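Beneath this line is the structure, given in structure tokens, with notes to follow.
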Amino acid sequence: MAIPYHRKFPVYDFWKGLFKGKVLIQRKLFGHLKEQVKSWPKEKQYTHGYFYQGLEELGITGGKPTGFRFKQYDVDQILNNADILDIGSNAGFVAVYCAWRAKSVTAIELNPHLNRVARDTAKHFKLSNMEVIDGDFSTFQSDRKYDVVLSFSNHHTIDGNLDMGFENYIKRIVSFLRPGGHLLFESHNVFAEGKGGMGDDGDMEHKVAIMNKYFTIERYRMVNCFLKHGIEDLDKLFIVARLADDPEPVDFKLPEAIKKYAY
């Protein structure tokens, strides 16, 4: 029988961490995951107690390595010197990647164990421009306005923690953006039936139409997943959208979009 990835990858990570001199910080971060397994509901844990996000600079592979993702997103120029809000920041590795480029990053995540990972990672890299907030985006309050909001497969979470309806979710994002600010959006499963189930984004034509009420859709493409999970992860649709008073209409057809792997 093949070794399950959630046991196999930590072994790979150890050797990569040894090579990079990151074994001690790896041990600390894995300790937070062990605490999560003990005290956080199992159905709300991603990737069987392993890291959902990865960070190559730590030697942590993760289900979705951050550098691998952002190479496909090709949005570093949007992140540069920006104030960023990261919704559902998970282990905070995406927030760390952004903090290396941005003016500031506010990362909001419900899971306290993952927030400990994020804070220790930020401390390890001496990132003073990254704030990690324990909380739920649906009740998050702030007077700040941001240049960029990240919504990476978070508009309707698989663990059921966030489900406020897509248009309400988009309106809430708009309320935190500066004029002309960007929404960087990654879908769930665009190959699904579009019947409203958890992770079902087969209705992306409808969702893009809602987004287009508030945003000009600047570009979109499919991005490759990294790891085949127990129920198989899938390639996702990635959208770069800019807040506009009079958004340019987009002619979006999902059957065509799911074949588009370049901008």
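Computed over heavy atoms, backbone and side chain alike; hydrogens, waters and symmetry mates excluded. These numbers were taken from a predicted model, which means no experiment stands behind them.
Remark: the backbone N or O of Lys195 is paired with a side-chain donor or acceptor of Asp200 at under 3.5 angstrom. Using modelled atom types, no side-chain atom of Thr216 and backbone atom of Ala244 make a donor-acceptor pair closer than 3.5 Å. Side-chain atoms of Asn154 come within 3.5 Å of backbone N or O of Phe152 as a donor-acceptor pair. In this structure, the side chain of Asp13 engages the main chain of Thr61 through a donor-acceptor pair within 3.5 Å. The backbone N or O of Arg242 sits nowhere less than 3.5 Å from a side-chain atom of Glu218 that would complete a donor-acceptor pair. Without hydrogens or angle criteria, Gln26 side chain to Leu58 main chain gives a donor-acceptor distance under 3.5 Å. In terms of modelled atom types and a separation under 3.5 Å, the side chain of Asp86 and the main chain of Gly92 share no donor-acceptor contact. Asp147 contributes no side-chain N or O that, together with a main-chain N or O of Gly181, makes up a donor-acceptor pair within less than 3.5 Å. A donor-acceptor distance shorter than 3.5 angstrom exists from the side chain of Thr139 to the backbone of Asp136, with no hydrogens or angles considered.
A salt bridge does not link Lys207 with Glu167: every distance from a Lys NZ or Arg NE/NH1/NH2 to an Asp or Glu carboxylate oxygen is 4.0 Å or more. Using a 4.0 Å cut-off between charged nitrogen and carboxylate oxygen, Arg119 and Glu131 do not count as a salt-bridge pair.
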- request: Check the pair Glu186, Arg69 against salt bridge (Lys or Arg N to Asp or Glu O under 4.0 Å), reporting the backbone distance first and the verdict last.
  value: CA-CA 11 Å; Glu186 187 182 81; Arg69 296 172 76 180; 3.3 Å; yes
Could you check Gln53 against Thr66 for side-chain hydrogen bond (donor to acceptor under 3.5 Å, both in side chains), going step by step and ending with a plain yes or no? CA-CA 7 Å; Gln53 296 176 347; Thr66 296; 5.1 Å; no
Show your working on salt bridge (Lys or Arg N to Asp or Glu O under 4.0 Å) between Asp83 and Arg144 and close with a plain yes or no.
CA-CA 9 Å; Asp83 292 313; Arg144 290 189 65 186; 3.5 Å; yes
task = Could you walk me through whether Lys20 and Glu56 pass salt bridge (Lys or Arg N to Asp or Glu O under 4.0 Å), step by step?
result = CA-CA 10 Å; Lys20 292 175 179 288; Glu56 292 86 340; over 6 Å; no
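In the hydrophobic clustering of this structure, Phe30 does not group with Leu24; members are Ile, Leu, Val, Met, Phe, Trp, Tyr whose side-chain heavy atoms approach within less than 4.5 Å, directly or through other members. Residues Val11 and Phe19 do not share a hydrophobic cluster, defined by chaining ILVMFWY side chains whose heavy atoms lie under 4.5 Å apart.
Atom CG of Leu85 sits about 8.0 Å away from atom OG of Ser142, to the nearest 0.5 Å. Atom OH of Tyr146 is separated from atom CD1 of Ile84 by 11.0 Å, given to the nearest 0.5 angstrom. In this structure, CG on Asn115 lies 5.5 Å from OG on Ser89, to the nearest 0.5 angstrom. If you take CG on Leu114 and CG on Leu33, they are separated by 7.0 Å, rounding to the nearest 0.5 Å.
Annotation: side chain of Asp134 is not in contact with side chain of Leu110 (no heavy-atom distance under 4.5 Å). A heavy-atom distance below 4.5 Å is found between the side chains of Ser151 and Leu183. At a threshold of 4.5 Å between non-hydrogen side-chain atoms, the residues Leu237 and Phe252 count as touching. Contact of the Arg221 side chain with the Val223 side chain is registered, since non-hydrogen atoms from C-beta on lie closer than 4.5 Å. Side-chain atoms of Val208 and Val250, non-hydrogen and from C-beta on, do get closer than 4.5 Å to each other.
Within 6.0 Å of atom CZ in Arg178, more than 12 heavy atoms from other residues, nucleotides or ligands are found, so the atom counts as buried in its surroundings. No more than 12 heavy atoms of other residues, nucleotides or ligands sit less than 6.0 Å from atom CD of Glu248. Applying the 6.0 Å contact sphere to CD of Glu193 captures no more than 12 heavy atoms from other residues, nucleotides or ligands. More than 12 heavy atoms of other residues, nucleotides or ligands shown are found within 6.0 angstrom of NZ on Lys145.
Under the side-chain hydrogen bond (donor to acceptor under 3.5 Å, both in side chains) criterion, Lys236 pairs with Asp233, sequence neighbours left out. Listed by chain and residue number, Leu55, Trp100, Phe125 satisfy the side chain to side chain contact (heavy atoms under 4.5 Å, CB included) test with Glu57 (two or more places apart in sequence, or in another chain).
Ring geometry for Phe68 against Phe226 counts as perpendicular: the plane angle is over 60°, on a 0 to 90° scale with 30° as the lower cut. Aromatic ring orientation, Phe166 versus His155: perpendicular (interplanar angle above 60°, classes split at 30° and 60°).
Counting only residues at least two apart or on different chains, the side-chain hydrogen bond (donor to acceptor under 3.5 Å, both in side chains) pairs with a member in residues 254-263 are Asp235-Tyr261.
For the residue pair Asn129/Ser104, the side-chain donor-acceptor check at 3.5 Å is not satisfied. In this model, a donor atom of one side chain and an acceptor atom of the other lie less than 3.5 Å apart for Gln72 and Asn224. A donor and an acceptor atom, one from each side chain of Lys28 and His124, are nowhere located under 3.5 Å apart. Under the 3.5 Å distance criterion, with hydrogens and angles disregarded, no donor-acceptor pair is assigned to the side chains of Asn189 and Asp201.
Annotation: cation-pi pair Arg101/Tyr97 present, NZ/CZ under 6.0 Å from the ring centroid and within 45° of its normal.
Ring centers of Phe215 and Phe185: at least 6.0 Å apart, outside the cut-off. Taking the six-membered ring where the residue is Trp, the centroids of Phe93 and Phe51 are separated by under 6.0 Å.
A ring-ring contact (aromatic ring centres under 6.0 Å, His included) with Tyr169 is found for one member of Tyr214, Phe137, Phe176 and no other, namely Phe137.
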